[in-house]
Amino acid sequence: MTANTQQDPEQYGSDTATPADLPTQYAPAEVEGKLYERWVERGYFEADPKSGKPPYTIVIPPPNVTGSLHIGHAFEHTLIDALTRRKRMQGYETLWQPGMDHAGIATQNVVERELAAEGKSRHDLGRAAFVERVWQWKAESGGQIAGQMRRLGNGVAWGRDRFTMDEGLSRAVQTVFKRMYDDELIYRAERIINWCPRCLTAISDIEVDYQDDDGELVSIRYGEGEESVVVATTRAETMLGDAAVAVHPDDERYAHLVGKRIKLPLTDRSIPVVPDAHVDPEFGTGAVKVTPAHDPNDFAIGQRHGLEPIEVLDERGIVTVHGPFEGLDRFEARSTIVAALRAEGRIVSEKRPYVHSVGHCSRCKTTLEPRLSMQWWVKVAPLAKAAGDAVRDGKVDIHPQELSQRYFDWVDNLHDWCISRQLWWGHRIPVWYGPGGETVCLGPDEQPPSGEGWTQDSDVLDTWFSSGLWPFSTLGWPEKTEALEKFYPNSVLVTGYDLLFFWVARMMMFGVYAMDGVPPFHTIALHGMVRDEHGKKMSKSFGNTVNPLVWMDAYGSDAVRLTLASGANPGTDVPIGEDWVKASRNFANKVWNATRFALMNGATVQGPLPAPEEMTAEDRWILSRLNAVITETDAYYDDYQFAKLSDTLYHFAWDEVFDWYVELTKTTFQKGGRPAEVSGRVLGEVLDVLLRLLHPVVPFVTETLWTTLTGRESVVIAAWPADSGFRDEAAEREIGTLQRVITEVRRFRADQGLQPGQRVPARLSLDGTSLAAHEDAIRALLRLEPEGEGFAATASLPVAGATVALDLSGAIDFAAERKRLTKDLGLAEKELKQTTAKLGNDGFLAKAPDDVVAKIRTRREAAEADIARITEQLAGLPTA
RNA sequence: GGGCGCAUAGCUCAGCGGUAGAGCGCUGCCCUUACAAGGCAGAUGUCGCAGGUUCGAUCCCUGCUGCGCCCACCA
């Protein structure tokens, strides 16, 4: 067995830099930018479709070109970058596909707000000029986003950068649209849709945000005398469009009215009373006003009873009915109409506060208006079935698995998807209408029939239509490109759980449809949302949002990345605060200084690793631990446990390598000779591997240190460490004992009030403890002088078979020592009592595993020994 | 109304049948020539409440309370 952990046996170069190249503090700002540009120039991040290596593909969830990136993007990018960097090191042909999303309605709104500030509207510019203006905005925003991604260190294939509205992706959109149109999966129909009176467009069901709003429920009497009925509503203005009153078919209270017509107040119309099972007789009066043109349920009732929808509001929510209310905004109309009804004595119970959930536009928060409208739809059922089955059949894994239930609930209950938007920024619907009412759908490169009078549909597609094609459109589809062949399906999709429906489900549907049933990824890894340091949701209105650039400037990109990765437990939200970023920066600095120290002491990666027989126990111990950590790290990576892997590496590096191994080797280095050479090589090895393990998460500091340490080109293309299988349990036990001895004596010293630097004469009895070889290290770490003339032990500490006798006659505080020993005695007695009780428990002995029983036996023996020892010490202590 | 999840140290969170853990914060001592962005040592918890299973429960089961998220509906 060998302790060599190198995956590739190639020798390192000899031009190892000197520690003089490294300043005493890590200054991220000075290295990060240069390193990134170098990586890009060398083409490390580009993906070669012709490569013989196995592919590893992740497409970026394309950021919206609505401005700049927020901390949530930095989080997502950190995870993706770490995954791809590791796979690249593992020898995969990795593609992190970059790109951005035109984000139809969101971006159009941003530019419209800009125009509004100039006192203009998009109509002042006209469609072509407005779209041109949005392209300008896109260039600006896109540049900012790309800059932020570079700062963060994202290893994306810039050579393959795409945009949802670039030529190729637009062809993909048109190709899919045409194919689905021909397959009758896309159709046009008039339905009640969610209409935003501010954005002036239809939106789909999932773009509706429901909020509880304070409303008022008013009860209104329709009809006269015997033939009257009371209905309740929060939207009195819609009564102008009422087409019926509905009651439950079995409701005897209204049986006499069914089939009759009653007078609609404030109008000269009368409306029928219809029986409909949708009505809940228990709710309110059991009678419902029916407004088919302005309510989805009412529309359904209307269809069942052949009622004509009566539109009373226009696209801006203004009343269009001739009469006293014409021209009023919907909210003005509501109060005005209630007042008018009251004047006529129609309000039978005063309006009362009523909290109910109301749909708002997810983009501009305006209260939505259900509206009857002609729109384009995707027939979702067959696609959703296939998308659901892909997960059910195990072709695609959703991680964490709990979220797959949500996915199924959604794809199994989908309504058809409204894909047309009355916007200007987006992919125009490729349908043309002829002068004689003809309709043709065009594929790419097809022209509308010649002749006068052909016009293209003025609507654009929902932005999620194009992003739904992202996993293959970015690879050149519909062309049969080499990239498509190599990199589809994608290996993993990394995105937030908030996009499960908006984006993930759509990609699944389009993927299985367009790519012959092959779903777009093997694994869907869903992460949570970044929250503030108190776990609160970040929002602009709350003022707790974070610009990642600010922290990157202050603490470095690595610090931001490490903080984000450390918080990433699968599927759960990630709190982040500045103090944590600082702590990560401290870690980067610690790694920096440890490496600096190592280089100053002759740590090297030159030559083969010495044989274990030549090594000290601490050498073998740290290599044993190192290999165990490699395996642990791999397991966490494969399970997307970023917090766990970050934590593991953080503690291994800081606690074990820096605080113990480096400290223990100091004495070896001081003495020099062959043991120092061996430890220098081991330390070089440990750092080499550790830096490679850390690189995917903290790429910059590791690159600087690793290239200095090894003299090689770049850790980006270094081999990912492999567990050599080297383990040395004896060494691990030995060093564990050593640590106990040192900690115990340190505690004693601290309890005695000794200054850390104060040197104390001591006699060490280490025979038979395996610690004999560590005497020098023990003395160095504990500041113990050799026992000189007149040595008189005043304290004797037996630890793990060893005894450390100290002459504290110059410094000791006997009263404090007595107090400490008394306390220890109490603890030991308690321990003895507990363990004795446990071992006297037959049930425990019968069922507990052997190792647990053995552990408790050992504990009892230790407690007995402690009691004896402490009692003896107390007895021997001079009374002050 | 349906579904999912959470309640552990002051804060943010791991752990999940066998003496409670981390980071930050806190206390004390130290500029011990890699690092004060550091070192060493230390304190802090009825593991939400009530039952149950078990030799043993923070961990499993049931109920309760509080909180969060998703979906649907709300005249």
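Throughout, protein chains are lettered first and strands after them, A, B, ... in sequence-line order, and every chain is numbered starting at 1. Bear in mind the structure is a predicted one, so any value in this text is a computation, not a measurement.
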In terms of the nearest nucleotide of RNA chain B, which residue is placed more toward the 5' end: A/Ala246 or A/Ile206?
A/Ile206
Looking across every strand, which nucleic acid part, if any, lies under 4.0 Å from A/Lys289 by heavy atom: base, sugar-phosphate, or nothing?
nothing
B/G38 pairs with which nucleotide, Watson-Crick or G-U wobble, both distances below 3.5 Å?
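In the structure as shown, B/G38 has B/C30 as its Watson-Crick or wobble partner.
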Can you name the atoms? Protein N/O to nucleotides 21-29 of chain B N/O, anything below 3.5 Å, with the distance.
from  : atom 1 : to       : atom 2 : distance (Å)
B/A22 : O2'    : A/His651 : NE2    : 3.1

Does A/Arg304, at its CZ atom, have more than 12 non-hydrogen atoms belonging to other residues, nucleotides or ligands within less than 6.0 Å?
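More than 12 heavy atoms, drawn from other residues, nucleotides or ligands, come within 6.0 Å of this atom.
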Sugar-phosphate only, base, or nothing, as touched by A/Asp659 at under 4.0 Å among non-hydrogen atoms
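Sugar-phosphate, no base atom in range.
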Please list, in numerical order, the residues of residues 739-747 of chain A that have a heavy atom closer than 4.0 Å to any atom of RNA chain B.
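Going residue by residue through residues 739-747 of chain A, the ones with a heavy atom under 4.0 Å of RNA chain B turn out to be A/Thr743, A/Arg746, A/Arg747.
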Between B/G39, B/A34, B/G3, which nucleotide has the shortest distance from any of its atoms to the side chain of A/Met600?
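So the nucleotide nearest the side chain must be B/A34.
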A/Arg585 side-chain N/O to A/Val581 backbone N/O, donor-acceptor pair under 3.5 Å:
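Pair absent, no side-chain N/O of A/Arg585 close to backbone of A/Val581.
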With C1' as the reference atom in both, quote the distance from B/C26 to B/A43 in angstrom, rounded to an integer.
8 Å
Within this structure, what is the CZ-to-P distance between A/Phe844 and B/C55, rounded to whole angstrom?
13 Å
Can you tell me how far C1' in B/C55 sits from the matching atom in B/U65, rounded to whole Å?
31 Å
Taking atom CG of A/Leu562 and atom OG of A/Ser646, what is their separation to the nearest 0.5 Å?
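The CG atom of A/Leu562 sits 6.0 Å away from the OG atom of A/Ser646.
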Under 4.0 Å between any heavy atoms, over every strand shown, what does A/Lys536 touch: base, sugar-phosphate, or nothing? Just pick one.
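Nothing, no nucleic acid heavy atom in range.
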Mind checking who B/G25 pairs with, Watson-Crick or G-U wobble, both distances under 3.5 Å?
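Partner of B/G25: none.
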Using Watson-Crick or G-U wobble geometry with both distances under 3.5 Å, which nucleotide pairs with B/A20?
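Matched B/A20 with nothing under the 3.5 Å cut-off.
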Check every strand shown and say whether A/Gln25 touches a base, only sugar-phosphate, or nothing at a heavy-atom separation below 4.0 Å.
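Base, at least one base atom sits under 4.0 Å.
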Report yes or no: is the cationic atom of A/Lys590 (NZ for Lys, CZ for Arg) under 6.0 Å from the centre of the six-membered ring of A/Tyr650, at an angle within 45° of the ring normal?
no
B/G23 to B/U8 separation - C1' atoms, rounded to the nearest Å
15 Å
Base, sugar-phosphate, or nothing for A/Thr234, non-hydrogen atoms under 4.0 angstrom?
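The answer is sugar-phosphate, as A/Thr234 gets under 4.0 Å only of primed atoms, P, OP1 or OP2.
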Touch class at under 4.0 angstrom, heavy-atom based, for A/Val290 against every strand present:
nothing
Counter-base of B/G1, judged by Watson-Crick or G-U geometry with both distances under 3.5 Å
B/C71
So what does A/Gln641 touch, heavy atoms closer than 4.0 Å: a base, only the sugar-phosphate, or nothing?
nothing
Could you check whether any side-chain heavy atom of A/Pro28 comes within less than 4.5 Å of a side-chain heavy atom of A/Asp558, counting everything from C-beta outward?
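A/Pro28 does not reach A/Asp558 side chain to side chain.
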Distance between the C1' atoms of B/C73 and B/C16, in whole angstroms?
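It comes out at 38 Å once rounded to the nearest Å.
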N/O donor-acceptor pair under 3.5 Å between A/Thr743 side chain and A/Arg740 backbone:
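Not at all, since once roles are kept as given, no pair shorter than 3.5 Å links the two residues.
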Counting the atoms with a prime plus P, OP1 and OP2 as sugar-phosphate, which does A/Lys644 contact under 4.0 Å by heavy atoms, base, sugar-phosphate, or nothing?
sugar-phosphate
What is the distance, rounded to the nearest whole Å, between atom CG of A/Leu705 and atom C1' of B/C35?
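Between C1' of B/C35 and CG of A/Leu705: 13 Å.
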With sugar-phosphate meaning primed atoms plus P, OP1 and OP2, does A/Asn569 contact a base, only sugar-phosphate, or nothing at under 4.0 Å between heavy atoms?
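Contact class for A/Asn569: sugar-phosphate only.
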Between B/G5 atom C1' and A/Asp573 atom CG, what is the distance in whole Å?
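Rounded to the whole Å, the gap is 11 Å.
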For A/Thr667 and A/Gln670, test the side chains for any donor-to-acceptor distance below 3.5 angstrom and give the result as yes or no.
no
With side chains defined as the heavy atoms from C-beta onward, is the minimum distance between A/His305 and A/Pro275 less than 4.5 Å?
yes
Under 4.0 Å, counting only non-hydrogen atoms across every strand here, what does A/Phe587 touch: a base, just sugar-phosphate, or nothing?
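The answer is nothing, as A/Phe587 stays clear of every strand by at least 4.0 Å.
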P-based separation of B/U58 from B/U53 [nearest Å]:
16 Å
Whole angstrom value for the distance that separates C1' of B/A41 from CG of A/Leu782:
13 Å
Looking across every strand, which nucleic acid part, if any, lies under 4.0 Å from A/Tyr555 by heavy atom: base, sugar-phosphate, or nothing?
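The residue A/Tyr555 makes no contact with any strand.
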Residue pair A/Val312 / A/Glu237: nearest heavy atoms and the distance that separates them:
CG2-O, 4.4 Å
Nearest-Å distance for atom pair CD/C1', residues A/Gln211 and B/C73
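About 17 Å, once rounded to whole Å.
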Rounded to the Å, how far apart are A/Arg779 CZ and B/U32 C1'?
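Distance, rounded to whole Å: 18 Å.
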Show, in sequence, the C-alpha distance, side-chain angles and deciding distance for A/Asp573 and A/Tyr497, and conclude whether the side chain to side chain donor-acceptor pair (under 3.5 Å) test is met.
CA-CA 10 Å; A/Asp573 291 342; A/Tyr497 60 67; 2.7 Å; yes
What distance, rounded to whole Å, do you find between the two C1' atoms, one in B/G48 and one in B/A9?
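15 Å, rounded to whole Å.
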Applying a 3.5 Å limit to both distances, which nucleotide forms a Watson-Crick or G-U wobble pair with B/C64?
B/G48
What interatomic distance, in whole Å, is found between P of B/G2 and the corresponding atom of B/C64?
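Per the computed distance, 13 Å lies between those P atoms.
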Figure out the CD/C1' separation between A/Glu663 and B/G38, and round it to whole Å.
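Rounding to the nearest Å, CD of A/Glu663 and C1' of B/G38 are 11 Å apart.
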Residues A/Asp639, A/Lys644: salt bridge by 4.0 Å N-O rule
no
Any side-chain heavy atom of A/Leu839 sitting closer than 4.5 Å to one from A/Val853?
yes
Result for 5'-nearest mapping on RNA chain B, choosing between A/Asp842 and A/Pro575, is A/Pro575
Taken to the nearest whole Å, NE2/A/His534 to C1'/B/C67 is 17 Å
